[in-house]
**Q** 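Structure in structure tokens, see below.
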2 protein chains.
Amino acid sequence: MKQGVNMDKHELLIRTAFKLFYTRGIHAVGVNLVLAESGVAKKTLYHHFPSKEHLVEATVRYRDRCYRDWLISRLEQVPAGKDALLELFNALDDWFHDRVPDIDHFHGCFFVNASAEFGDQKSAIHRACAEHKACVTALIRKHVNRLSLSEKKADEITQLIILLKEGAISLAYVQGNLNAAKEAQKIVEGTLGD
Amino acid sequence: MKQGVNMDKHELLIRTAFKLFYTRGIHAVGVNLVLAESGVAKKTLYHHFPSKEHLVEATVRYRDRCYRDWLISRLEQVPAGKDALLELFNALDDWFHDRVPDIDHFHGCFFVNASAEFGDQKSAIHRACAEHKACVTALIRKHVNRLSLSEKKADEITQLIILLKEGAISLAYVQGNLNAAKEAQKIVEGTLGD
DNA sequence: CACAGAATAGACAGATCTGTCTACTTATGT
DNA sequence: ACATAAGTAGACAGATCTGTCTATTCTGTG
């Protein structure tokens, strides 16, 4: 069934679509461009996805997998606890400065961008974006738990980190302030220091 | 020249376009919808704006004015210094919960959304968004200066507040976490407390 | 081999979108 | 009163976009 040597057209379409949606915007990219770029026939696209919106949703889920796998692996490369939490911001810094080829040239948060274009909170796309954010929060929370703080303190640190992370991504993208991750890191360092 | 009693068509177009762009996305809204909603003729639109992109840019600048004026007035309503900085997050909380009719039903940060749709950092639209963020940072910095801290400490507090503000807006929108502003406020309160 | 599923190329329908244009109708200031 | 500017309604051209469809080819498995 699932062949091996040639890349799965399903996966190829998602990857190509993601790259285009991420760099140029979703509504600004037509399916014909995705097809031309991937070299896949239109019939094949509509064989795998019932509509463009379903393809968009698939790209969101694809990005969720890639991005979260990348984060998880980065946080595992350093000692658990405080180091791992600070490493999050090293990872963001690398991303902002395009030192992470797997994650594509920095263009803001794809989930924020997609939510902006699919504003209806009930839409499958917006919900998939919300799920991603919840998963990342859970990931951070897991690492915060290793610090063995009180429940309340752990909640606060988690929220601080998540808010700073989101803020850094927004500012790095809109303002072009590529140091945002390092600035956020300094704040977390100061808070965890005591 | 500039008439008074009837609303300026120029302004009417911008206001109508903003509301539609903000709630539905920019590329998802055609000029015909803006015209139908505002009751203005197409010729009139293209008399005032050479293209849709110019109209978009005008809505960004319009939003910058409204949003910043609103923020400025909110921060002036409380004693200068620490209170004003905390009031920023009360204002955000009101915005998230749609208690600020002037600012329109909460739909994330228009500048982040517009930047996502016009990704080219050199485009006039993206640059206008960056300018807005710089102005807001300057506004916060002005209030932080009243705390008479060291230059370094003032920079740090300003960055903390700006990062938390951006993060709160993102999370409130994408995740639907409407408490984000209050959570951010608690962090700032803790930091300013000592 | 034969057959079924997957893929191709691209024409096509129908909708929509930007921007232009014509012909006509107010306003306004001198 | 008259010229000038601003506005209206809507047809139109030309591009583009989503999704369908036909006719054909490739590929893996029984």
Side-chain angles (χ1 to χ4, degrees), chain A residues 1-60 113-114 116-120 123-125, chain B residues 1-60 113-114 116-120 123-125:
Chain A
M1 280 283 114
K2 302 265 155 149
Q3 83 280 39
V5 51
N6 291 331
M7 205 211 284
D8 203 338
K9 301 291 175 185
H10 185 88
E11 190 79 3
L12 176 60
L13 283 167
I14 292 175
R15 288 188 198 204
T16 309
F18 165 72
K19 198 161 289 194
L20 290 167
F21 291 161
Y22 183 46
T23 55
R24 306 196 199 181
I26 296 170
H27 283 115
V29 169
V31 293
N32 288 322
L33 181 58
V34 175
L35 298 173
E37 206 78 5
S38 61
V40 172
K42 188 173 272 196
K43 186 100 200 210
T44 306
L45 190 160
Y46 284 100
H47 171 71
H48 286 288
F49 304 96
S51 72
K52 183 190 174 183
E53 273 212 25
H54 285 79
L55 174 61
V56 173
E57 192 187 333
T59 64
V60 173
N113 298 356
E117 292 208 58
F118 293 83
D120 181 7
S123 88
I125 292 164
Chain B
M1 280 282 116
K2 303 262 154 149
Q3 83 280 40
V5 51
N6 291 330
M7 204 210 287
D8 204 340
K9 300 292 174 184
H10 184 89
E11 191 79 2
L12 176 60
L13 283 166
I14 292 174
R15 286 187 199 204
T16 310
F18 166 73
K19 197 161 290 192
L20 290 168
F21 291 160
Y22 183 47
T23 55
R24 306 197 199 181
I26 296 170
H27 284 116
V29 169
V31 293
N32 288 323
L33 181 58
V34 176
L35 298 173
E37 205 79 3
S38 60
V40 172
K42 189 174 272 196
K43 187 99 200 216
T44 307
L45 190 159
Y46 285 100
H47 171 71
H48 286 289
F49 305 97
S51 72
K52 184 189 174 183
E53 273 212 27
H54 285 81
L55 174 62
V56 174
E57 193 188 332
T59 64
V60 172
N113 298 355
E117 292 209 57
F118 293 83
D120 182 6
S123 88
I125 291 164

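Just so we're clear, the structure is a prediction, and the values are computed from it rather than from any experiment. Reminder, nothing fancy here: chain letters follow the sequence lines and each chain counts from 1.
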**Q** Report the residues that fulfil salt bridge (Lys or Arg N to Asp or Glu O under 4.0 Å) with B:Glu117, sequence neighbours left out, ordered by chain and then residue number.
**A** none
**Q** Please find the pair of heavy atoms, one from B:Leu33 and one from B:Val29, that lie closest to each other, and give the distance.
**A** CD2-CG1, 4.1 Å
**Q** Mind running a 4.0 Å heavy-atom check of residues 16-41 of chain A against DNA chain C and sending the residues that fall below it, in number order?
**A** A:Gly39, A:Val40, A:Ala41
**Q** Looking at the side chain of A:Thr44, which of D:dT20, D:dG7, C:dT8 is the nearest nucleotide?
**A** C:dT8
**Q** For DNA chain C, find the residues of residues 45-55 of chain A with a heavy-atom distance under 4.0 Å and give them by number; none if there aren't any.
**A** A:His47, A:His48
**Q** When the distance from NZ of A:Lys9 to C1' of D:dT25 is rounded to whole Å, what number comes out?
**A** 13 Å
**Q** Is there a side-chain contact between A:Tyr22 and A:Thr59 in this structure, where contact means two heavy atoms from C-beta onward sitting under 4.5 Å apart?
**A** no
**Q** Quick check on the 6.0 Å ring-centre criterion: do B:His27 and B:Phe118 meet it?
**A** yes
**Q** Nearest whole Å is fine: how far is D:dA5 C1' from B:Lys43 NZ?
**A** 13 Å
**Q** What's the shortest heavy-atom distance between A:Thr44 and A:Lys9, and which atoms?
**A** CG2-CB, 4.2 Å
**Q** So do the side chains of B:Asn113 and B:Phe21 get within less than 4.5 Å of each other, counting heavy atoms only?
**A** no
**Q** Side chains of A:Lys42 and A:Asn32: closer than 4.5 Å at any heavy-atom pair?
**A** yes
**Q** Distance criterion of 3.5 Å, no angle test: do you see the side chain of A:Lys42 paired donor-to-acceptor with the base of C:dG10?
**A** no
**Q** Looking at A:Ile125 and A:Ala114, what are the two nearest heavy atoms and their distance?
**A** CG2-CB, 4.3 Å
